[in-house]
Amino acid sequence: MRDRWRAPFHLSVLMCAGLLSCKSDSTSAPSPTYPEKDHAAEAARLLGTPDWYRHAVFYEIDVRSFSDSNGDGIGDLQGVRSKLPYLKDLGVDALWLMPIMPSPFKDSGYDVADYDAIAKEYGTLADFDALLSDAHAQGIRVFMDLVLNHTSDQHAWFQDSKTSKTNPHADYYVWSDTAGRSDVGCGTYGPQFGSSAWTLAPERNQYYFHRFYPGQPDLNYKSPDVVAATLAAAKFWMDRNVDGFRCDVIALLVETATGCDMVPDTVAYIKKLRALLDGYPNRAMVAESTNFTTTAAYYGSGSDMFSMAFDFGFGYLWGGVMKSTSAADVAKPFVNAQQYPKGAQEALVIGSHDVARAYTTANHVQSRWRRAALLTLTMPGTPFIYYGDELGLRPGTQVIVDGRDTARTPMLWDASPNHGFSTVAPWIAYGAEADTINVDVEKNDPTSDYVFYKQLLALRRGREAFGTGTLKVVAADDPSILYFERASGDETYVVVMSMDESDTHTGTIPGVSLPGDAQRLFGDATLTRNGVDASVTINAASYGIFRVR
Ligand code: GLC
């Protein structure tokens, strides 16, 4: 189902982004205009500060599925490099590359066999350096995925560790004579994948602990050697000039008798990692959070742990949240996040390699995934767009590693037989509707998801209020109308959204005294002065973004 398209209103963002002249459209009441800053210069300024990650838009790439440069059906680093102009044009400021280190691929690269190298199917260290330097030249930063909780069972450390109780890596992993250990509390409540968290290594005649697949033995962070070796791995990539890390299941590093989630020794390790990053200018890191209610545990003082942590409370549960007609329910996680220390902010997603495509989560209702995306791009937090979500990429059906593969299908660049991804059959089959849901088609369709994303990214760019501005949510007299303000300095933006997908609503926003009518930048809602209140009218499942004085 395609969303209704109201071209004149959506185009207003292009006007005000300086691409067309900034005039109100003929089908609505005259809209005032306010003096505009030079948003390109503002973007350069904001992205040049240590707070850059709070203003940036990130883009998660599954390198295997993005672009294949050498015709083996597998995406690679040179492929990503060749698509930097696409990413730049879309308005992306930073990339998160899913694991690119050598791996037997039992968990799609989250089973690292060597921390200091590049998987040969993705290229070489020289290819990585070239990608990094081209990205930097285009103003795009690059985060790597750092998988520290476990390695692959093919890693040299494990290959050595499993041979005896006395080798140099003997205590690099969590070993036990039985399938359980009293000081590894989480070992008794089971692994994330499979039926037991303990697997026997016959050579050593002991069991090793693995929170994930058996091919992913957990490292033993009670060993100072493991702490030193993994920090050295982080330093290896810092020295190559990466801009930061996405830290995989970082809360799970250390196990105790009573818990395995963010125990004090894990916090201490994270502080060491942060201190390492702070030795380089303008680096940042984002945590994969294991807590869906709060990310408070990840930030420390705001400057000694993570810069960002994923808000999965909205991020993974938005399918249910967006079905609700209660604006207050939708706003709640974002309002709660305002208590975090200055400098720390949540990372906002509607998709990732671990969950279903937004199309599926939204139950195929386009207006639902678009409104969810709009929230991630306007609420406080750093948006992370999962590759292909800017197209509304449809899921695949082929499973190679596990069920999550349905959201890891190749990027679709055009309608040719291999969709501009490769010259041969891809490593995993393309998703559905590939002839119409692709970059080439959507670029030329003003009603497409691609154009929707591109316009929103242009609107956000260089407007400080959306990065570090304050958030004020005001309850409307109609509970299905979401109203919030983002403000910074002399600029205030208002976002309104209808949580009702069936009817048009008109509501009063009490006590919001607009100094004048609002200037609509995006969407088709109206926002007008109504004495000491404001009045909002929104079509079903629609929205508006306004500049107000
Ligand atoms: C994280 C990754 C996921 C992986 C798991 C184990 O949750 O996002 O893909 O399977 O860690 O590394």
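Every number for a ligand or one of its atoms is a count from 1 in the order of the listing.
For R211, no heavy-atom contact with ligand 1 is shorter than 4.0 Å.
For ligand 1, the atoms sitting less than 4.0 Å from at least one non-hydrogen atom of H150 are 6 (C), 12 (O), numbered in the order shown with element in parentheses. Each of the atoms 2 (C), 3 (C), 8 (O), 9 (O) of ligand 1 lies under 4.0 Å from some heavy atom of H353. Residue V249 has at least one heavy-atom neighbour below 4.0 Å for each of these atoms of ligand 1: 1 (C), 7 (O), 11 (O). Every atom of ligand 1 with a heavy atom of R404 under 4.0 Å away is listed here by number and element: 3 (C), 4 (C), 9 (O), 10 (O). Every atom of ligand 1 is numbered from 1 in the order shown, and the set under 4.0 Å from a heavy atom of D107 is 4 (C), 5 (C), 6 (C), 10 (O), 12 (O).
Of the options D111, D248, D354, the smallest heavy-atom separation from atom 9 (O) of ligand 1 is shown by D354.
For the salt bridge (Lys or Arg N to Asp or Glu O under 4.0 Å) test with D93, the passing option among R461, K88, R460 is R461; the others fail. Partner of W198 under the ring pair (Phe, Tyr, Trp, His ring centres under 6.0 Å) criterion, out of Y173, W175, F209, Y208: F209 alone.
Within the 3.5 Å criterion, the main-chain N or O of S161 finds a donor-acceptor partner in the side chain of N167. Using modelled atom types, no side-chain atom of R64 and backbone atom of G75 make a donor-acceptor pair closer than 3.5 Å.
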Inset, instruction - Could you walk me through whether R274 and D304 pass the salt bridge (Lys or Arg N to Asp or Glu O under 4.0 Å) test, one step at a time? - result: CA-CA 6 Å; R274 174 62 186 255; D304 61 353; over 6 Å; no
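Ring planes of F310 and F384: perpendicular class, angle over 60° (limits at 30 and 60°).
Residues F143 and F58 bring their aromatic ring centres within 6.0 Å.
In this structure, R246 is part of the shell of residues with a heavy atom less than 4.0 angstrom from ligand 1.
For atom 7 (O) of ligand 1, the closest non-hydrogen atom of the protein is E288 OE2, 2.7 Å.
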